[in-house]
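I have placed the structure first, in the form of structure tokens, so that the comments after it can refer back to it.
Proteins come first, then strands; the chains are lettered A, B, ... in the order of their sequence lines, and each starts at number 1. We use all heavy atoms of the structure for the numbers below, so side chains are in, but hydrogens, waters and symmetry mates are not.
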Protein chains: 2
Amino acid sequence: MSKRVTLAEVAARAGVSPITVSRALRRPDTVQAETRARIDAAVAELGYVPDPAARALATGRADVIGVLIPSATNAVFTDVLSGIYDCLAESRFDVQYGITRYESATEEKLLGVFLRQRPAGLIIAGIDQTEAARRLLDRANCPVVQIMETGPDPVDMMVGFSHHDAAAAATRHLIDRGYRRPGFLGARMDPRTRRRFAGFRAEAEAHGVFDPDRVETTDTPSSVGGGAELLRALLARHPETDAVFCNNDDLALGALFEAMRMGVSVPGQLGICGFNDLEMMRAAEPPLTSVRTNRFEMGTRAAEMIRARLEGRATGPALVDLGAQVQERRSTQGPD
Amino acid sequence: MSKRVTLAEVAARAGVSPITVSRALRRPDTVQAETRARIDAAVAELGYVPDPAARALATGRADVIGVLIPSATNAVFTDVLSGIYDCLAESRFDVQYGITRYESATEEKLLGVFLRQRPAGLIIAGIDQTEAARRLLDRANCPVVQIMETGPDPVDMMVGFSHHDAAAAATRHLIDRGYRRPGFLGARMDPRTRRRFAGFRAEAEAHGVFDPDRVETTDTPSSVGGGAELLRALLARHPETDAVFCNNDDLALGALFEAMRMGVSVPGQLGICGFNDLEMMRAAEPPLTSVRTNRFEMGTRAAEMIRARLEGRATGPALVDLGAQVQERRSTQGPD
DNA sequence: TCACGTATTGATAGCGCTGTCATCGTATTC
DNA sequence: GAATACGATGACAGCGCTATCAATACGTGA
């Protein structure tokens, strides 16, 4: 193990005191150019890198940004994570993440784990924190961004979109295309899923085409296989169903395959609309309509908001609505 | 911000010295039961939680396990990550990860970032580290596990499987099923991809069915759309191709959709085999043959190996081969 | 009985860095 | 030219914890 180089050694080499080296590194403008040059040279020669733990102890603040998401395998969250990471990779901040498994208790616990590090910032998915989690966040004493959706009463900042409105738009699209007996497929009804259902329901009711019996859901996590099962079950009960709004793209893909197996033509006998617009939707046959959500950007924006705050730059609005766009494709071209 | 409770306060409350509290927390067996009980009570009453930065500074060792993977969105890595996280969530260790973007330079840089925290352990994807990275790892002075594949000359520990052999097995399966003019589809030829290709090639050559011209690859990251394009290109050049071994499941799915568009029947006119066996493969129509890799377990095993070492337990073998299994499904049932 | 091990607890001194003053020299003002 | 402000640097202490060694009490064997 190569021995650690300390600030003091750099200082000795540069012929200044340790504190001056510290300053030269953190606020270069407060140190004379000439001195700074000597210090920079010493840093380079010795290969000095600061010890994050010592810095955290001395400042009472870790250069860590905590990210709390429900799942590390769901593409929706990994895209966001990727955006966050992208924005932070070149900064002095490290990303640390926690997986809540969609459980409030786990979320609270992880929040505690993060907070005792006194993180520089916190990004948390969703807007449905428990009272206890809310209290922890209020006292976090660092920038906090809630992501994935928008809603009233942000803890601090927010970037997302309205799942209700996005689902309503998708539903309107189905109705516009002439589908009159739409159904709904959903897995694991987390809060966002529920709000999408509410949007579907509101829009369908507004057009007099909502039938509560054409709703097929399950508690298991969503999957392609699950989408197939849900469609099969729905069509068994309601063969008149002429379109399905699927709560996400996995379900939609499964529904497509199941329709193929059952000899149901898409979009003629059945329209299929997904949610999230993963890459595969465009490539499917027929290409699948979906709702594009700007996940990567959601991540970069959230991270950028935190950085701006921490670096004392102008932060822009505290609530960013990234919207969602219905991507119309062949799978919802209208009934025969 | 609720004020931080320190060790000293707990000690005062329990009527002992700070160092005894420290011991009671870290090595309970070295403190008398009665004393320990008083300390535990004080900890609970005050809601004390240790400061990780202070601990790291004092011990010269952070309770952090660093994970280096090429991509945060590729399902293959997120599954592994998930396994790692699962094993570590209940431990005293935090996970911190870095994304190399398949770039050696980034890998080296991130390795440096991790090492200066003096992590408790390191998990790194792949076995193709540069000389410089190798040196850093050799000096890391902590358990290191290379994951995703197995190979000679491990830095320390290893858990994975042979991509060459797995691909060869899949190829053999295609040949066993009667396909005689197999092609290969590949995107972004990273080292594992290359070794899979080598396995395909070796096996096909051994059976006299390899044609270097029936290989279609691209540098872009793999995607469903990309799979479609690759198949289209391959069939345009070599319409006689009767099966494709796809380097991963996204490509396989794209190939399936493209075959549908082109009116090529699967498996009659074209057999399709993927790699990784993502959940969707089973649910497709026809269900797609793939090679099951034990990604989640790879993560848990790697994390467990590190924990065992750190906690002084028996570690088992330093090289674990998890193998890979061809999952035969309808898409490779054989030519007409 | 006495030297000596063992179990338990404590005192001391940092880990590497930064916050908070203090210090010093130079520029500015009238 | 004296008073003042300011820019640049340094001394000192301490962040919260733990490594190391010392101290104490108690039992053990010859």
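- Ranked by how close their nearest DNA chain D nucleotide is to the 5' end, A:Thr20 and B:Ala53 are led by A:Thr20.
- Of the candidates D:dG16, C:dC17, D:dT18, C:dC17 carries the atom nearest the A:Asp51 side chain, counting heavy atoms from C-beta on.
- Remark: the B:Arg23 side chain and the C:dG10 base include a donor-acceptor N/O pair separated by less than 3.5 Å.
- The two residues A:Ile39 and A:Val10 make their nearest non-hydrogen contact at O-CG1, 4.3 Å.
- Here A:Gln32 does not reach the OP1 or OP2 of D:dG7: none of its side-chain N or O atoms lies under 4.0 Å away.
- Computed from coordinates, the A:Arg55 CZ to D:dG14 P distance equals 22 Å when rounded to whole Å.
- Closest to the side chain of A:Ala58, out of D:dG16, D:dA11, C:dG16, is C:dG16.
- The side chain of A:Thr59 sits closest to C:dT18 out of C:dT8, D:dA8, C:dT18.
- B:Glu108 has no carboxylate O lying under 4.0 Å from a charged side-chain N of B:Arg135, or vice versa, which leaves the two without a salt bridge.
- Residues B:Ala72 and B:Thr78 come closest through the heavy atom pair O-CG2, 3.1 Å.
- Under a 4.0 Å N-O distance rule, the pair A:Arg313/A:Glu304 qualifies as a salt bridge.
- Here C:dT18 is the nucleotide among C:dT18, D:dT18, C:dT9 with the atom lying nearest to any side-chain atom of A:Arg26.
- When the nucleotides D:dT20, C:dT18, C:dG16 are ranked by their closest atom to the side chain of B:Ile19, D:dT20 comes out on top.
- Contact annotation for B:Pro50: backbone-only contact, meaning every heavy-atom pair under 4.0 Å involves sugar-phosphate atoms and none involves a base.
- Picking from D:dT18, D:dG16, C:dT9 the nucleotide with the shortest atom distance to the side chain of B:Ser22 gives D:dT18.
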